[in-house]
There are 2 protein chains.
Amino acid sequence: MAKENYTIRDIAELANVSRGTVDRVIHNRGKVSETAVKKVKEVLEKINYEPNLIARSLKAHKNNVVAIIIPDYSEDNYWRQCVYGIRRAEKEFRQFGISLQYYEYQKTREAYEQKFSDVIVDEPDAVLIVPIYYSGSLSLFRQLEEREIPYSLINTPIEDLNYQTFIGQDYRKSGRVAAQLMETLVDKEKKVVVVHVEQDFENSTHLHEKEEGFKEYFRQKNSTQQIEALTFKNAKDLSSLHQELPNIAGIFMTTSQTYEIADYLPQDSDIKVIGYDLIPKNVEYLRLGKINILIHQNPKQQGYDGVSYLSEHLLYKKEMPKVKLLPLDVVVSENVDCYL
Amino acid sequence: MAKENYTIRDIAELANVSRGTVDRVIHNRGKVSETAVKKVKEVLEKINYEPNLIARSLKAHKNNVVAIIIPDYSEDNYWRQCVYGIRRAEKEFRQFGISLQYYEYQKTREAYEQKFSDVIVDEPDAVLIVPIYYSGSLSLFRQLEEREIPYSLINTPIEDLNYQTFIGQDYRKSGRVAAQLMETLVDKEKKVVVVHVEQDFENSTHLHEKEEGFKEYFRQKNSTQQIEALTFKNAKDLSSLHQELPNIAGIFMTTSQTYEIADYLPQDSDIKVIGYDLIPKNVEYLRLGKINILIHQNPKQQGYDGVSYLSEHLLYKKEMPKVKLLPLDVVVSENVDCYL
DNA sequence: AAACAAATTGTTCTCGTGCACAAAACGATT
DNA sequence: AATCGTTTTGTGCACGAGAACAATTTGTTT
């Protein structure tokens, strides 16, 4: 196989046909005689033709619109990081005729569904969505499918949908990682607790997965470690933990409100805390030693990948993986700088 | 600011001049009358012109050659991973007229310097180099500089060179991370040892840095932890550690031969091992629990970034950072899959 | 075999930039 | 005012793919 980069012209010459015919064969459109098809295909098999994407996209410029449905990020550092990644991809793909349309929703189910409906009315060419509310919006997803609008989910998985790609983490594995790290931090005399802070816990399968992974790890190790799971609708309710604290060796927070729990611990507490996400408050507490370990969910990468995949799909019909799992980065105070 | 993507043509119309004049002003080449310059610049300030890189690179195609000087990777898993990253970038930039030329060297100083000389004779447009040998090759770097051939270093830093970019890790911080993790794994009764396996230890500043970072962490914490550093020219010599083992709580291996030390530990040993790199043998031992933690040096990313930076520099004269530090990924058995 | 329709093949233009070259404008000199 | 040289400005082409359109060949019918 020669290294050279062949062009449509080269192929046409080699096959003794015109450029138009080669083009028709490659994209198997239009009528071409069998003999011509054969001639071209023979050449194509011999050489390794890779179309020049630059030339192609120079021509393309269909101006595709990708809708971004994301929680209001003005006050939320996690989603803001995600938007940074989205913006990076936006800048990169604008050249290729991709433009983004943002639909920010306040964190209520109504607002979410409203924005989602808006998107459907606007008929974008693709949709990237953070579906933090589960039930109810299924019919909206179905509408996207009927209209054949490709969509990807980031951060929060939902089963039984025909999305293009889910981008996020393996949450069960994430719980297991937390468990393994917790095991090294605490000794088994006291119990460890898994704490969820989420209004709609029932529908948050990813939090269930984290808890399950956490317990699974200890179970498979035949550990005698005592584990208790607690669910709070609101961070304020964490104060009720107060009297339990003396019996607790470690806390695994399954959401990014990890810093909230650290606030309820006494100054000289020896309780180990493992949680999620490099939001500023968490990072501060990690540096102070109030939080021991954070698992980084790579929101920036999630946003970037989400837009990239959809864009390349629209531009080149590139296939996308059904699931893209990002690494489970373990962050301690000494390496936190690398991830900021 | 309108969102529209302006073209040279648009600017020409708005400024009432020809495309050629706009082009001359933008690249400030050639003679243009002051009035014309003013007219064009006024328009340029009003709109936000961003040249279409696609059209630009469609035209470019100067076929730049980037030389890759890298240790023989047929038998070395670490460098092979690095080459994977290089290949990914190669594929991506081939379209843009970048081609790579590989110069693999056997791991002796003579072979290294020979290949380096070959590169200089071949006069590539840029050089990406893994300089595992330090002294002696400085004159070769100077020759690159004289010929104004841009070059970047990956993995191994060398001071006082006018390289474009060094891509690798912050080795001191890397040692600190290892120390912090070691602290959680061992109790202070026994000592921990830092083990280097390297023929040319004197010249390996990055290994010194790792050791120094490791010690620095404990020192700053006013820890009473006893630390000892040992240097071996060859992995076989590790057997001499045997009688010391009962006094050792943890071992910090500064190179990828971490699996070698694990082989010398008794089956039921409680000695904790922290080391580097996700080569298959290390990963196997991590899964088996013979190694506790690996720090991932991201060789694939290093290779990819190295080629990308140089390519974009050649193509668009894009500026490159002087130093690009990759994250210090902490890998345990439960999250190792994410990084493979 | 002429006439026509249908199938196939070939040509040309577009995308936006960058460069080479052609055209025009300007100024100076006779 | 005509000529020349110089400066400035305008135009055309190439890059490679893709699609519309034009041209050709093929097949069918009378």
Side-chain angles (χ1 to χ4, degrees), chain A residues 4-41 43-44 47-64 93-98 312 314-318, chain B residues 4-41 43-44 47-64 93-98 312 314-318:
Chain A
E4 208 189 322
N5 251 339
Y6 292 91
T7 72
I8 292 266
R9 233 192 197 86
D10 296 331
I11 297 172
E13 267 176 47
L14 288 169
N16 243 351
V17 293
S18 74
R19 286 179 288 136
T21 305
V22 175
D23 183 70
R24 278 181 284 264
V25 172
I26 287 173
H27 298 85
N28 54 298
R29 62 166 142 254
K31 318 290 172 115
V32 190
S33 69
E34 282 181 36
T35 50
V37 171
K38 219 167 94 183
K39 280 197 285 184
V40 173
K41 287 207 166 165
V43 175
L44 282 177
I47 66 170
N48 181 25
Y49 173 66
E50 282 178 35
N52 186 321
L53 299 181
I54 299 150
R56 178 181 286 177
S57 51
L58 175 61
K59 190 66 209 303
H61 259 247
K62 269 179 286 184
N63 224 312
N64 289 297
F93 284 97
R94 198 175 27 149
Q95 297 265 359
F96 295 77
I98 299 283
E312 295 192 351
L314 289 171
L315 291 170
Y316 317 121
K317 293 170 187 62
K318 198 169 169 180
Chain B
E4 208 189 327
N5 252 339
Y6 292 90
T7 71
I8 294 264
R9 238 194 192 85
D10 296 331
I11 299 172
E13 267 176 47
L14 288 167
N16 243 352
V17 293
S18 74
R19 287 181 294 130
T21 306
V22 175
D23 182 70
R24 280 181 282 266
V25 172
I26 288 173
H27 298 87
N28 55 298
R29 62 165 144 254
K31 317 285 169 125
V32 189
S33 70
E34 282 182 36
T35 49
V37 172
K38 218 167 95 182
K39 280 196 286 183
V40 173
K41 287 208 168 166
V43 176
L44 281 178
I47 67 169
N48 180 25
Y49 173 67
E50 283 178 35
N52 186 322
L53 298 182
I54 298 151
R56 178 180 288 177
S57 50
L58 175 61
K59 192 67 211 299
H61 261 247
K62 268 179 285 185
N63 223 310
N64 288 298
F93 284 97
R94 199 178 25 151
Q95 298 265 357
F96 294 78
I98 300 282
E312 294 191 353
L314 289 172
L315 290 171
Y316 316 122
K317 294 173 188 59
K318 198 168 169 181

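So that the names make sense, note that chain A is the first sequence line, chain B the second, and so on, each numbered from 1.
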- Query: Which heavy-atom pair separates A/Asn52 from A/Ile54 by the least distance, and what is that distance?
  - Reply: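 Shortest heavy-atom contact: OD1-N, 2.8 Å.
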- Closer than 4.0 Å, any side-chain N/O of A/Tyr49 to the OP1 or OP2 of D/dA17?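 Answer yes for this pair, as a side-chain N or O of A/Tyr49 is under 4.0 Å from OP1 or OP2.
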Nearest to the side chain of [X] - [options]?
| X | options | result |
| --- | --- | --- |
| B/Ile8 | D/dG18, D/dA17, C/dT17 | C/dT17 |
| A/Ala36 | D/dA17, C/dT17, C/dT9 | C/dT9 |
| B/Ala55 | D/dA17, C/dT11, C/dG16 | C/dG16 |

- Message: On DNA chain C, does the nearest nucleotide to B/Leu53 precede the nearest nucleotide to A/Val37 from the 5' side, or the other way round? Give the residue.
- Response: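 Comparing both residues, the 5'-ward one is A/Val37.
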- Message: Using a distance-only criterion (donor-acceptor N/O pair, under 3.5 Å, no hydrogens), is the base of C/dG18 paired with the side chain of B/Arg24?
- Response: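 Between C/dG18 and B/Arg24, which were checked side chain against base, a qualifying N/O pair under 3.5 Å is absent.
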- Message: Any donor-acceptor pair, under 3.5 Å, between the side chain of B/Lys31 and the base of D/dT8, if you only look at N and O atoms?
- Response: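 Answer no: no donor N or O sits under 3.5 Å from an acceptor.
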In whole Å, what is the span from the [atom1] atom of [X] to the [atom2] atom of [N]?
| X | N | atom1 | atom2 | value |
| --- | --- | --- | --- | --- |
| B/Asn16 | D/dG10 | CG | C1' | 13 Å |
| A/Arg19 | C/dT8 | CZ | P | 21 Å |
| B/Asp23 | D/dG10 | CG | P | 13 Å |
| B/Lys59 | D/dC13 | NZ | P | 13 Å |

- Task: Answer with base, sugar-phosphate or nothing: what part of the nucleic acid does A/Leu58 contact at a heavy-atom distance below 4.0 Å?
- Result: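 Base, at least one base heavy atom under 4.0 Å.
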- Task: State, yes or no, whether a side-chain contact exists between A/Tyr6 and A/Val43 at a heavy-atom distance under 4.5 Å.
- Result: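 Not in contact.
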